[in-house]
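What you see is a predicted model, and the numbers here were worked out from it, not measured in a lab. Side-chain atoms are counted along with the backbone in the values below, which use heavy atoms only and exclude waters and symmetry mates. Residue numbers start from 1 in every chain, and the chains themselves are labelled A, B, ... in the order their sequence lines are given, proteins ahead of strands.
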There are 2 protein chains.
Amino acid sequence: MGSGKSQHPLAKFRVGVDNVIFSVDTEKNRLLVLLVLRDTEPYRDYWCLPGTLVRQGESLEAAAYRILAEKIRVQNLYLEQLYTFGDVGRDPREAPDQYNERYLSVSYFALVRYADAELIADGVSGIAWYPVHQVPTLGFDHNRILTYGHHRLCNKLEYSPVAFDVLPESFTLNDLYQFYTTVLGEHFSDYSNFRTRLLKLGFLSDTGIKVSRGAGRPASLYRFDRDAFDPHKDKPMIFI
Amino acid sequence: MGSGKSQHPLAKFRVGVDNVIFSVDTEKNRLLVLLVLRDTEPYRDYWCLPGTLVRQGESLEAAAYRILAEKIRVQNLYLEQLYTFGDVGRDPREAPDQYNERYLSVSYFALVRYADAELIADGVSGIAWYPVHQVPTLGFDHNRILTYGHHRLCNKLEYSPVAFDVLPESFTLNDLYQFYTTVLGEHFSDYSNFRTRLLKLGFLSDTGIKVSRGAGRPASLYRFDRDAFDPHKDKPMIFI
DNA sequence: ACAAAAGTGTTTTTTATACACCCATGC
DNA sequence: GCATGGGTGTATAAAAAACACTTTTGT
């Protein structure tokens, strides 16, 4: 951090944290993002990414978890920082002569387990899962942030095991395949090849338990074996 | 950005931008990072990443370019945002009862052409290229930021054409190979295979010009063809 | 002539891709 | 018994990896 020569006055900032929270509804094959309806200015009555301003003594990540906890109850999730948006004028509250404060947005990207994600309706403001392809015009620069987050999600899936943070403890290979298909689209791989590739990697262990889903042969339940995955850490591994 | 309920007071921030500026000295086979010696508190007389506080009306990226321009004259560079560090207490200036302001650091990652990078010695503060493996204990949390930047550099090299932003207009395939080796280490690939792979991709065009470097057969100068690269954009392409 | 650097080719192994086919269950 | 989803196998093509070899220069 530089020594402020300071005939140039420094900017004062408030720092917001905005979360791009994704979830995959494998039943209906939809990729969802959590939006909230703002009940205060600016952008009152606009859908937005859930966000908050950082409080005294609170770290960025803590703020990210706080919003999350305010909006949904969930046990299993993955969270990481996304990007920081700090263009001049990105927030209407920076307008000419208010307090002369800038508004920075540090965005976080999260993936949560759909099954146990329980939305907290605080009665006042709306909150809802939106299919990512049906998201309306959002307040602030949140469409941009969402797009960025969506990119990150796709990349993450391809080279890291985030999916297992969010799938149930045990799952069928078809569940896993559905998950990938829902996020990446149908064309990412043949099921049979996907299957072979993942099993060869050796960190999915067959529990032996079979589950029947209506007609058809029952499927094996698999489990993600973190210890067996360890050697694969940092190595590029491609699911595409 | 949330509606501040605010029995919890919001934090006030100053925002710093810190740059991890890399350069590759292909002659001596060294990966370098630019450090400056601080001449003011806190961390006076410590080496640090070049940084500055963001001024009024200045975007984050503009601030990043400003520091860069203050420290080195360079035409060819690549720059992108790295990560935002905002833990409580990461800057000594947050100490108990100063102005009760937090110091955020938005870090940027840059790669510059070594040949035409001219350090600007402003006489007061020291400034120097350090081999990344010989970096001392830095001020603030800058060692951490540097480590993070180094990771990013390695990844970038593997799947994006940043190297060509920073190599001379025309270069031999050996120059390119040296560049990669210097950053990624000796073990990343056989020269002959590296060569074949890159030429097959089809965005390196032979200028026909030959250069002799001492003994041995003269090498062809190649040129990076941006148009021919375009189709490869976004596709994962691996140089490893 | 010979070492040094550049560049080509060959062989082997691994991985990706596209399928065809067999298996176990519900109805 | 046959449709349905689960699971295995094979044949082909493409890529990665290892390494031997040729070509062109300076000395």
Side-chain angles (χ1 to χ4, degrees), chain A residues 26-29 157-159 167-168 170-182 184-223 231-232 235-240, chain B residues 26-29 157-159 167-168 170-182 184-223 231-232 235-240:
Chain A
T26 19
E27 308 274 297
K28 295 187 189 142
N29 261 69
L157 268 198
E158 287 175 9
Y159 64 78
L167 283 168
S170 56
F171 48 86
T172 71
L173 288 177
N174 235 305
D175 292 338
L176 184 60
Y177 183 65
Q178 287 309 330
F179 188 96
Y180 270 82
T181 308
T182 305
L184 301 177
E186 295 284 345
H187 319 290
F188 85 99
S189 174
D190 179 296
Y191 168 64
S192 144
N193 293 328
F194 174 81
R195 187 191 160 77
T196 331
R197 193 148 14 101
L198 262 99
L199 288 179
K200 193 160 43 184
L201 290 172
F203 50 71
L204 295 182
S205 59
D206 191 335
T207 61
I209 304 168
K210 306 280 177 186
V211 283
S212 232
R213 315 258 238 249
R217 180 175 173 175
S220 263
L221 285 177
Y222 285 81
R223 191 177 287 278
H232 296 268
K235 283 177 198 163
M237 71 142 158
I238 315 256
F239 293 145
I240 302 183
Chain B
T26 20
E27 309 275 298
K28 296 189 188 139
N29 262 71
L157 268 198
E158 287 174 10
Y159 64 78
L167 282 168
S170 57
F171 48 86
T172 70
L173 287 177
N174 235 304
D175 292 338
L176 184 60
Y177 183 65
Q178 286 309 330
F179 188 96
Y180 271 82
T181 307
T182 304
L184 301 177
E186 295 284 346
H187 319 291
F188 86 98
S189 173
D190 179 295
Y191 168 64
S192 145
N193 292 326
F194 174 81
R195 189 191 158 76
T196 329
R197 194 148 12 101
L198 262 100
L199 288 178
K200 192 160 45 186
L201 290 172
F203 50 71
L204 296 183
S205 58
D206 191 335
T207 62
I209 304 168
K210 306 280 178 187
V211 283
S212 231
R213 315 257 239 249
R217 179 175 174 174
S220 263
L221 285 178
Y222 286 80
R223 192 176 286 280
H232 295 268
K235 283 176 198 163
M237 70 142 158
I238 315 254
F239 293 143
I240 304 183

Original post:
So, do A:Arg213 and A:Asn174 sit near enough that their side-chain heavy atoms are less than 4.5 Å apart?
Top reply: no

Original post:
Rounded to whole angstroms, how far apart are CG on A:Asp175 and P on D:dG7?
Top reply: 10 Å

Subject >> d(CG, A:Leu176; P, D:dG6) in whole Å >> reply: 13 Å

Kindly give the atom pairs (protein nitrogen or oxygen, nucleotide nitrogen or oxygen) under 3.5 Å for nucleotides 23-27 of chain D.
from, atom 1, to, atom 2, distance (Å)
D:dT23, O2, B:Arg217, NH1, 3.0
D:dT24, O2, B:Arg217, N, 3.2
D:dT25, O2, B:Gly216, N, 3.2

Hey, what are the protein-to-nucleotides 18-20 of chain C N/O distances that come in under 3.5 Å?
from, atom 1, to, atom 2, distance (Å)
C:dA18, N7, A:Asn193, ND2, 3.0
C:dA18, N6, A:Asn193, OD1, 3.3
C:dC19, N4, A:Ser192, OG, 2.7

Original post:
Mind checking whether B:Leu199 and B:Tyr222 have side chains closer than 4.5 Å, heavy atoms only?
Top reply: yes

Subject >> Length of the line joining A:Tyr222:OH and D:dG6:P, which is rounded to integer Å >> reply: 12 Å

Subject >> Under 3.5 Å side-chain donor-acceptor pair for A:Thr196 and A:Asn193 >> reply: no

Original post:
How long is the span from the CG atom in B:Leu167 to the CD atom in B:Gln178, to the nearest 0.5 Å?
Top reply: 11.0 Å

Original post:
B:Phe194 versus B:Leu173: any side-chain heavy-atom pair under 4.5 Å?
Top reply: no

Original post:
Are B:Thr26 and B:Asp175 side-chain neighbours, meaning at least one heavy-atom pair lies under 4.5 Å?
Top reply: no

**OP:** Could you walk me through whether B:Tyr180 and B:Tyr191 pass the ring pair (Phe, Tyr, Trp, His ring centres under 6.0 Å) test, one step at a time?
**Re:** CA-CA 10 Å; B:Tyr180 271 82; B:Tyr191 168 64; over 10 Å; no

**OP:** Please state how far atom CD1 in B:Ile209 lies from atom C1' in C:dA6, giving the value in whole angstrom units.
**Re:** 17 Å

Subject >> N or O in side chain of A:Arg195 less than 4.0 angstrom from D:dG6 OP1/OP2 >> reply: no

**OP:** Round to a whole Å and report the spacing from CG of B:Asp206 to P of C:dA6.
**Re:** 14 Å

Subject >> Atom-to-atom span, CZ of B:Phe188 to C1' of D:dA18 - whole angstrom >> reply: 15 Å

Subject >> Protein-nucleotide distance (A:Leu221, atom CG; D:dG6, atom P), rounded to Å >> reply: 12 Å

Subject >> Rounded distance in Å - OH (A:Tyr191) to P (D:dT4) >> reply: 18 Å

Original post:
Are the side chain of A:Tyr177 and the backbone of A:Ser192 linked by a donor-acceptor contact shorter than 3.5 Å?
Top reply: no

**OP:** For B:Asp206, enumerate each residue passing the side-chain hydrogen bond (donor to acceptor under 3.5 Å, both in side chains) test, keeping only those at least two apart in sequence or located in another chain.
**Re:** B:Ser220

